[in-house]
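Data block below; observations after.
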There are 2 protein chains.
Amino acid sequence: MLSKKTKYAFHALTYLGKNRDQKTVLIQDIAAEYGISHKFLENILLELKKAGILGSKKGKGGGYYLIKEPKDVALSKVIRLLDGPIALLPCVSLNYYEPCIECQDEGKCGLNKVMIQVRDEMLNVLENKSLADILDKE
Amino acid sequence: MLSKKTKYAFHALTYLGKNRDQKTVLIQDIAAEYGISHKFLENILLELKKAGILGSKKGKGGGYYLIKEPKDVALSKVIRLLDGPIALLPCVSLNYYEPCIECQDEGKCGLNKVMIQVRDEMLNVLENKSLADILDKE
DNA sequence: ATTTACCCTACTTTATTTATAGACTTTACA
DNA sequence: TGTAAAGTCTATAAATAAAGTAGGGTAAAT
């Protein structure tokens with residue numbers, strides 16, 4: 001399951017995507033819409049900004065706005081950013097690889113090989129679905 | 001990511017699958033093979049037994065053995081048993097459904113609709129891969 | 001100058017995962 | 001029939017991660 005952090009990130013991105021006509025959107029507006037703690041959401045939006053997905057403007061009239069096109073915000077990107085690996089085991093993660101200590105020879109591990117296939121099929125879905133797909137269905 | 005519990009379950013099932021010629025296999029043999037705590041593995045094997053995947057025999061000469069055919073032990077079954085939901089959000093889980101409190105109307109939630117598609121594609125993979133696929137690659 | 005809102009750090013609480021302990025039951029076999 | 005071997009069960013502790021709080025600092029608009 002995704003963490004609440006990631007779920008909230010998707011909600012926030014959806015809200016920002018729906019309000020692209022506005023220059024900026026306030027944290028507190030998003031927080032109020034979904035009943036999320038203002039401070040908690042702040043951290044999430046910051047991470048999305050650092051990843052180049054959102055932009056922000058300080059001061060009066062400031063707020064957050066979407067920088068990327070919704071179709072360019074893949075689900076995989078958001079999940080990796082806030083939740084970490086998509087792979088089901090550390091030994092098959094592309095971005096967060098770690099060997100399994102119980103595994104003598106990864107090349108002979110059937111579980112490893114099957115999980116690589118699972119990972120590839122999951123990635124195929126998560127890289128090809130994007131914020132645009134979410135917005136289309138709202 | 002899968003919990004260690006689930007990963008160990010897959011290791012244990014693989015070991016039992018590879019030793020189907022023996023009547024029974026000792027917990028401690030499996031634990032030693034993968035460097036897992038005997039007591040921790042005990043709980044895992046018990047759950048697999050209660051789920052009808054393994055059988056066991058007490059006393060001297062006892063141990064665990066695979067009841068099901070490897071092809072009938074889908075990855076999804078093991079994951080659900082030990083880790084819970086496969087879906088990425090509680091509101092799209094088939095077996096562990098819970099509504100999202102921030103969601104007024106699930107039917108109008110784009111995230112919900114996209115995550116249903118993701119769930120279905122993940123399930124398609126995890127229900128069609130089984131212990132047999134792991135054993136084939138050992 | 002003051003309001004408004006983003007930025008940053010640290011901490012606390014809660015939940016989950018991982019692991020351990022110890023007593024109990026069943027079985028094989030001498 | 002006794003004893004050692006092996007799984008069963010319940011409870012609890014330790015470690016880690018997730019979720020949420022607090023409070024002040026910094027930049028920009030009017």
Side-chain angles (χ1 to χ4, degrees), chain A residues 1-9 11-12 16 22-32 34-51 53-67 79 81-85 88-90 96 98 100-102, chain B residues 1-9 11-12 16 22-32 34-51 53-67 79 81-85 88-90 96 98 100-102:
Chain A
M1 297 265 274
L2 299 177
S3 66
K4 289 192 180 181
K5 228 172 169 170
T6 302
K7 182 170 71 165
Y8 293 162
H11 281 316
L16 286 162
Q22 291 177 42
K23 278 180 199 148
T24 63
V25 172
L26 300 183
I27 292 182
Q28 65 190 60
D29 288 351
I30 304 173
Y34 300 101
I36 308 169
S37 139
H38 177 276
K39 281 294 195 177
F40 194 42
L41 185 58
E42 207 176 273
N43 291 322
I44 296 166
L45 295 179
L46 256 181
E47 289 198 66
L48 292 169
K49 188 196 166 183
K50 285 176 184 162
I53 297 170
L54 300 182
S56 66
K57 191 158 172 270
K58 289 183 181 178
K60 194 166 190 179
Y64 278 99
Y65 51 92
L66 205 56
I67 286 184
I79 293 173
L81 189 65
L82 294 153
D83 255 12
L88 296 183
L89 293 179
Y96 301 83
E98 271 183 67
C100 294
I101 44 175
E102 75 272 18
Chain B
M1 297 265 274
L2 299 177
S3 67
K4 288 193 179 179
K5 227 171 170 173
T6 302
K7 182 170 71 165
Y8 293 163
H11 281 316
L16 287 163
Q22 292 178 41
K23 276 182 200 143
T24 62
V25 172
L26 300 182
I27 293 181
Q28 62 189 62
D29 289 351
I30 305 174
Y34 300 102
I36 306 170
S37 139
H38 176 276
K39 278 296 193 176
F40 193 44
L41 185 58
E42 204 175 277
N43 292 320
I44 296 166
L45 295 179
L46 254 181
E47 288 198 67
L48 291 169
K49 185 197 168 183
K50 285 175 184 163
I53 297 170
L54 300 182
S56 67
K57 191 158 172 273
K58 287 184 181 180
K60 195 168 189 176
Y64 279 97
Y65 51 92
L66 204 56
I67 286 185
I79 294 173
L81 190 64
L82 294 152
D83 256 11
L88 295 183
L89 293 179
Y96 301 84
E98 271 183 66
C100 294
I101 44 175
E102 74 272 19

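Naming: A, B, ... by sequence-line order, numbering from 1 per chain.
In this structure, the separation between CG on A:Leu89 and CE on B:Met1 is 7.0 Å, given to the nearest 0.5 Å.
B:Leu26 comes within 4.0 angstrom of sugar-phosphate atoms only, judged by non-hydrogen atoms across all strands, and of no base. A:Lys50 comes within contact range of the sugar-phosphate backbone alone, with a heavy-atom separation under 4.0 Å but no base atom that close.
Checking the phosphate oxygens (OP1, OP2) of C:dC7, a side-chain nitrogen or oxygen of A:Ser56 falls inside 4.0 Å. Between B:Lys4 and C:dT17, a side-chain N or O to OP1/OP2 separation shorter than 4.0 Å is absent. A close approach under 4.0 Å does occur between a side-chain nitrogen or oxygen of A:Ser3 and OP1 or OP2 of D:dA19. The side chain of A:Lys5 places no N or O atom within less than 4.0 Å of a non-bridging phosphate oxygen (OP1 or OP2) of D:dA17. Within the 4.0 Å cut-off from OP1 or OP2 of D:dA19, not a single side-chain nitrogen or oxygen of A:Ser37 is found. Taking side-chain N and O atoms only, A:Tyr64 has a distance below 4.0 Å to OP1 or OP2 of C:dC7.
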Report all interatomic pairs (protein N or O, nucleotide N or O of nucleotides 22-24 of chain C) with separations under 3.5 Å.
from   : atom 1 : to      : atom 2 : distance (Å)
C:dG22 : O6     : B:Lys39 : NZ     : 2.3

Using the side chain to side chain donor-acceptor pair (under 3.5 Å) rule, take B:Thr24 and B:Lys57 through it: C-alpha gap first, then chi angles, then the decisive distance, then the call.
-> CA-CA 8 Å; B:Thr24 62; B:Lys57 191 158 172 273; over 6 Å; no
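The nearest pair of heavy atoms linking B:Phe40 to B:Lys5 is CZ-CG, 4.1 Å. Summarising the geometry of A:Gly55 relative to A:Ile67, their closest heavy-atom pair is N-CG1, 3.4 Å, with the distance given to 0.1 Å. Taking both residues in full, the closest heavy atoms of B:Leu46 and B:Tyr64 are given as N-OH, 3.8 Å, listed atom of the first, atom of the second, then distance. Contact detail for A:Ala9 and A:Leu48: the closest heavy-atom pair is CB-CD1, 4.2 Å.
In this structure, the CD1 atom of B:Ile36 is 12 Å from the C1' atom of C:dT18, given to the nearest Å. Atom CD of B:Glu47 and atom C1' of C:dT18 are 13 Å apart (whole Å). Whole-Å rounding puts the A:Lys57 NZ to C:dC6 C1' distance at 12 Å. The distance from atom CE of B:Met1 to atom P of D:dA18 is 11 Å, rounded to the nearest whole Å. Rounded to whole angstrom, the span from the CD atom of B:Gln28 across to the C1' atom of D:dA4 amounts to 13 Å. For the pair A:Asn43 CG and D:dA22 P, the interatomic distance rounds to 14 Å; values are reported in whole Å. The nearest whole Å value for the distance from the CD1 atom in B:Ile30 to the C1' atom in D:dG7 is 12 Å. Rounded to whole angstrom, the span from the CZ atom of A:Phe40 across to the P atom of C:dT14 amounts to 15 Å.
Nearest-nucleotide positions on DNA chain C for B:Tyr8 and A:Lys49 put A:Lys49 closer to the 5' end. DNA chain D is contacted by both B:Val25 and A:Leu2; B:Val25 maps to the nucleotide lying nearer its 5′ end (nearest heavy atom per residue). Positionally, the nearest nucleotide of DNA chain D for A:Thr6 lies more toward the 5' end than for the other of A:Thr6 and A:Gly61.
Taking only side-chain atoms of A:Ile27, from C-beta outward, the nucleotide of C:dT18, C:dC6, C:dT27 with the closest atom is C:dC6.
Under a 4.0 Å N-O distance rule, the pair B:Lys50/B:Glu47 does not qualify as a salt bridge.
B:Leu41 is listed as a side-chain neighbour of B:Ile30, based on a closest heavy-atom distance under 4.5 Å.
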